[in-house]
Amino acid sequence: MARDVWVLHGPNLGILGRREPRLYGKVSLASIDRVIVELGQELGLNVATFQTNHEGALVDRLTVAMDEVDGCLLNPAALSHGSLALADTLRSMTIPVVEVHLTNLYARERDRQISLTGGAVAGVIMGFGPASYELGLHALAAMIAPAKARRKRT
Ligand code: DQA
């Protein structure tokens, strides 16, 4: 049985490719999404992707994800460093969430070296550019038991 996964991208990731290419590269988010959906097919995962610039929209998506899918891959972007609300949501999750970052946060400015969300997820992969998403999806696939039934609230 194929498992369902949401890949969630936070603020400013919609302009990848045009945004500080020296840091984040020239690959667009659409291209990352295409690769990750194809990789999902190879791993037996139905992948749907979503990008938002809004903290509350991510909180809402993650809350719904618990009822709808088997796991999430999340790049919270700048919200990683400042959103207690998102960290609280992640701590409440009943499905695995893997956090990914294109850049290595430990090699960035001091304020980016702290991820409030990183301590609230199953694990974090960072620093490999778009490949962070691929590595993260492999990690997530390994965490989701094949036969696990979708969690539905009763
Ligand atoms: C990022 C790192 C964040 O510090 C930054 O705000 C981003 C992208 C990354 O993928 O490297 O928007 O999450």
Side-chain angles (χ1 to χ4, degrees), residues 3-43 45-66 68-144:
R3 292 149 293 158
D4 298 319
V5 162
W6 282 351
V7 177
L8 308 176
H9 310 281
N12 297 309
L13 294 172
I15 50 172
L16 274 182
R18 287 174 287 150
R19 174 194 179 196
E20 297 183 90
R22 193 184 53 79
L23 265 179
Y24 297 116
K26 292 189 173 163
V27 177
S28 69
L29 189 65
S31 161
I32 289 177
D33 282 348
R34 220 174 299 121
V35 168
I36 215 74
V37 167
E38 278 173 23
L39 177 62
Q41 284 163 2
E42 288 168 30
L43 296 173
L45 303 172
N46 294 320
V47 174
T49 65
F50 173 75
Q51 191 272 328
T52 179
N53 293 324
H54 304 281
E55 178 183 34
L58 268 187
V59 168
D60 287 346
R61 272 285 164 145
L62 286 164
T63 306
V64 172
M66 289 190 271
E68 295 292 326
V69 294
D70 300 289
C72 289
L73 196 62
L74 169 69
N75 185 345
L79 295 173
S80 318
H81 318 299
S83 175
L84 272 178
L86 193 55
D88 282 349
T89 306
L90 290 167
R91 258 188 292 275
S92 310
M93 297 295 285
T94 54
I95 56 173
V97 178
V98 173
E99 178 170 319
V100 297
H101 295 278
L102 297 156
T103 58
N104 179 355
L105 300 182
Y106 295 117
R108 308 258 337 248
E109 311 95 289
R110 185 178 291 264
D111 285 349
R112 293 184 201 273
Q113 291 175 16
I114 292 173
S115 171
L116 301 178
T117 51
V121 294
V124 183
I125 293 173
M126 63 172 87
F128 301 100
S132 291
Y133 282 91
E134 296 169 53
L135 295 166
L137 196 66
H138 277 284
L140 189 60
M143 293 193 73
I144 301 172

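Whatever order the structure lists ligands and atoms in, that order sets their numbers, starting from 1.
- Among residues at least two apart or in separate chains, side-chain hydrogen bond (donor to acceptor under 3.5 Å, both in side chains) pairs with a member in residues 76-85 are Glu55-Ser83.
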Present, as a list of atom pairs with distances to 0.1 Å, all nitrogen or oxygen contacts under 3.5 Å between ligand 1 and the protein.
residue: ligand 1; atom: 4 (O); partner: His81; partner atom: NE2; Å: 2.7
residue: ligand 1; atom: 4 (O); partner: Arg112; partner atom: NH1; Å: 2.9
residue: ligand 1; atom: 6 (O); partner: Ala78; partner atom: N; Å: 3.2
residue: ligand 1; atom: 6 (O); partner: Arg112; partner atom: NH1; Å: 2.9
residue: ligand 1; atom: 10 (O); partner: Asn75; partner atom: ND2; Å: 2.9
residue: ligand 1; atom: 10 (O); partner: Leu102; partner atom: N; Å: 2.7
residue: ligand 1; atom: 11 (O); partner: Leu102; partner atom: N; Å: 3.2
residue: ligand 1; atom: 11 (O); partner: Thr103; partner atom: N; Å: 2.9
residue: ligand 1; atom: 11 (O); partner: Thr103; partner atom: OG1; Å: 2.6
residue: ligand 1; atom: 12 (O); partner: Arg19; partner atom: NH1; Å: 3.0
residue: ligand 1; atom: 12 (O); partner: Arg19; partner atom: NH2; Å: 2.9
residue: ligand 1; atom: 13 (O); partner: Asn75; partner atom: OD1; Å: 2.9
residue: ligand 1; atom: 13 (O); partner: His101; partner atom: ND1; Å: 2.8

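- Between Leu58 and Leu74 the shortest side-chain heavy-atom distance falls below 4.5 Å.
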Chi angles and distances behind the side chain to side chain contact (heavy atoms under 4.5 Å, CB included) call for Leu39, Tyr133: CA-CA 10 Å; Leu39 177 62; Tyr133 282 91; over 6 Å; no

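- Partner His9 forms a side chain to side chain donor-acceptor pair (under 3.5 Å) with one of Thr52, Asp33, Thr49 and no other, that one being Asp33.
- Enclosure of atom CD1 in Ile114 is not indicated, since only 12 or fewer non-hydrogen atoms of other residues, nucleotides or ligands lie within 6.0 angstrom.
- Defined by atom type and a distance below 3.5 Å, a donor-acceptor pair is present between the side-chain atoms of Arg108 and Thr103.
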